[in-house]
Amino acid sequence: MIEIKKASHADIPLINKLGNIAFTDTYLSILTQEQITYMLDWMYSQENLAKQIKDGHVYYIGYSDGTPFGYLSVQRENDTTFHLQKIYLLKEFQKKGLGELLFKQAISHVEEMCSSPCRMILNVNRNNSAKGFYEKMGMEKIDEGDFPIGNGYYMNDYIMGIGVNGGLLK
């Protein structure tokens with residue numbers, strides 16, 4: 001049985017654990033270990049996860065027969081734009097349609113929060129094969145950039161977007 005549940009503060013240790021595994025697996029062939037370590041602290045320390053939730057990130061965790069398989073985080077940026085901040089699956093659960101279920105949960109969340117035309121955007125590393133997944137989900141590349149994140153590191157990303165409730169990408 002597949003379930004996707006909205007996370008609470010009590011789920012922060014689980015998100016931290018899932019993030020440390022899934023993020024590392026995703027970026028080990030793309031980023032240096034030093035940058036991965038820096039980004040894990042920046043995005044996945046329990047203190048920073050608590051701050052993200054306080055700042056409006058809404059997390060969901062996916063479960064398969066009670067076993068957590070992945071998570072996502074959506075944050076409202078303004079009246080018409082939502083940012084899919086995170087969407088990751090553990091390696092052993094990939095290629096089984098579960099990423100699509102998490103993505104659809106993100107779209108449902110945006111639809112709940114914004115009944116008028118709006119959009120959902122995300123950043124994806126230019127060397128991450130997940131770009132193909134996002135295109136399959138209906139997203140389009142709308143921009144790209146090199147974003148400083150501190151300690152001399154950058155996120156070298158495409159910005160992708162999808163209209164929700166008839167919203168436009170730009």
Side-chain angles (χ1 to χ4, degrees), residues 1-31 33 35-77 81-114 118-125 127-139 147 149 155 157-162 164:
M1 180 172 76
I2 304 298
E3 293 180 282
I4 300 175
K5 298 179 182 177
K6 190 173 182 179
S8 70
H9 279 275
D11 294 307
I12 287 174
L14 176 58
I15 297 167
N16 169 268
K17 179 181 176 183
L18 293 170
N20 276 280
I21 297 167
F23 187 87
T24 300
D25 285 347
T26 300
Y27 289 103
L28 202 50
S29 65
I30 299 172
L31 304 175
Q33 183 60 56
Q35 184 169 351
I36 290 170
T37 299
Y38 175 81
M39 292 179 77
L40 284 172
D41 181 59
W42 175 52
M43 292 190 298
Y44 290 104
S45 71
Q46 291 192 34
E47 298 78 18
N48 285 335
L49 288 167
K51 183 180 182 317
Q52 290 167 26
I53 291 171
K54 182 179 179 237
D55 291 344
H57 291 234
V58 178
Y59 278 86
Y60 290 88
I61 301 171
Y63 296 86
S64 175
D65 295 324
T67 301
F69 65 79
Y71 58 95
L72 70 95
S73 158
V74 179
Q75 181 185 30
R76 183 179 215 135
E77 287 193 358
T81 301
F82 292 77
H83 199 120
L84 179 56
Q85 294 284 1
K86 298 174 185 69
I87 180 168
Y88 291 94
L89 273 76
L90 297 176
K91 194 170 22 180
E92 61 269 26
F93 290 96
Q94 294 176 3
K95 310 281 188 211
K96 297 179 181 191
L98 299 173
E100 183 174 346
L101 294 176
L102 286 179
F103 188 87
K104 287 179 178 179
Q105 177 61 54
I107 294 290
S108 293
H109 175 79
V110 172
E111 289 171 337
E112 279 179 35
M113 300 303 294
C114 182
C118 55
R119 69 183 182 154
M120 183 174 75
I121 62 170
L122 63 81
N123 292 45
V124 61
N125 182 285
N127 295 311
N128 189 335
S129 62
K131 180 179 181 276
F133 167 78
Y134 298 126
E135 289 170 336
K136 181 181 167 193
M137 295 296 101
M139 299 192 92
F147 307 99
I149 59 171
M155 291 191 337
D157 291 347
Y158 292 126
I159 310 300
M160 300 185 74
I162 189 169
V164 178

Pairs of donor and acceptor atoms involving the side chains of residues 9-22, under 3.5 Å and at least two apart or interchain, shall be tabulated with distances.
| unit_1 | atom_1 | unit_2 | atom_2 | d |
| --- | --- | --- | --- | --- |
| Asp11 | OD2 | Ser8 | N | 2.9 |
| Asn16 | ND2 | Tyr44 | O | 2.6 |
| Asn20 | ND2 | Asn16 | O | 2.7 |

Yes or no on side-chain contact (heavy atoms from CB on, under 4.5 Å) for Phe69 and Ile2, after CA distance, side-chain angles and deciding distance?
CA-CA 10 Å; Phe69 65 79; Ile2 304 298; 4.2 Å; yes
For side-chain contact (heavy atoms from CB on, under 4.5 Å), just list the numbers for Gln35 and Ile149, CA-CA rounded to whole Å, side-chain angles, deciding distance to a tenth of an Å, and then say yes or no.
CA-CA 10 Å; Gln35 184 169 351; Ile149 59 171; 4.1 Å; yes
side-chain contact (heavy atoms from CB on, under 4.5 Å) between Glu3 and Ile61, worked out:
CA-CA 8 Å; Glu3 293 180 282; Ile61 301 171; over 6 Å; no
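Minimum interatomic distance between Val124 and Ala130 (heavy atoms only, all atoms of both residues): CG2-CB, 4.3 Å. Taking both residues in full, the closest heavy atoms of Met137 and Ile162 are given as O-CD1, 3.5 Å, listed atom of the first, atom of the second, then distance. In this structure, Ile30 and Asn127 approach most closely via the heavy-atom pair CD1-O, 3.5 Å. What you find for Leu102 and Leu72 is that their closest heavy atoms are O-CD2, 3.0 Å. For the pair Met139 and Met160, the tightest heavy-atom approach, listed with the atom from each and the gap, is CE-O, 3.6 Å. Closest approach of Ile4 and Tyr60 over heavy atoms only: CG2-CB, 3.8 Å.
Taking the side-chain hydrogen bond (donor to acceptor under 3.5 Å, both in side chains) definition, one finds that Gln46 meets it with nothing, sequence neighbours left out. For the side-chain hydrogen bond (donor to acceptor under 3.5 Å, both in side chains) test, no residue two or more places apart in sequence or in another chain qualifies with Gln105.
Using modelled atom types and a 3.5 Å distance limit, the side chains of Gln33 and Thr37 yield a donor-acceptor pair.
Aromatic ring orientation, Tyr27 versus Phe23: tilted (interplanar angle from 30° to 60°). Taking the six-membered ring where tryptophan is involved, the planes of Phe103 and Tyr134 are tilted, since the angle between them lies from 30° to 60°.
Taking a cutoff of 4.0 Å between a charged side-chain nitrogen and a carboxylate oxygen, Glu135 and Lys131 qualify as a salt bridge.
Although no hydrogens or angles enter the test, the distance criterion places no donor-acceptor pair under 3.5 Å between the side chain of Tyr59 and the main chain of Gln52. Between the Asp157 side chain and the Ile159 main chain, no donor and acceptor come within less than 3.5 Å of each other. Judged by distance alone, the side chain of Glu111 and the main-chain N or O of Val164 form no donor-acceptor pair under 3.5 Å.
If you take CG on Asp41 and CE on Met43, they are separated by 10.5 Å, rounding to the nearest 0.5 Å.
Geometric assessment of Lys86 against the ring of Tyr71 yields a negative cation-pi assignment under the 6.0 Å and 45° thresholds.
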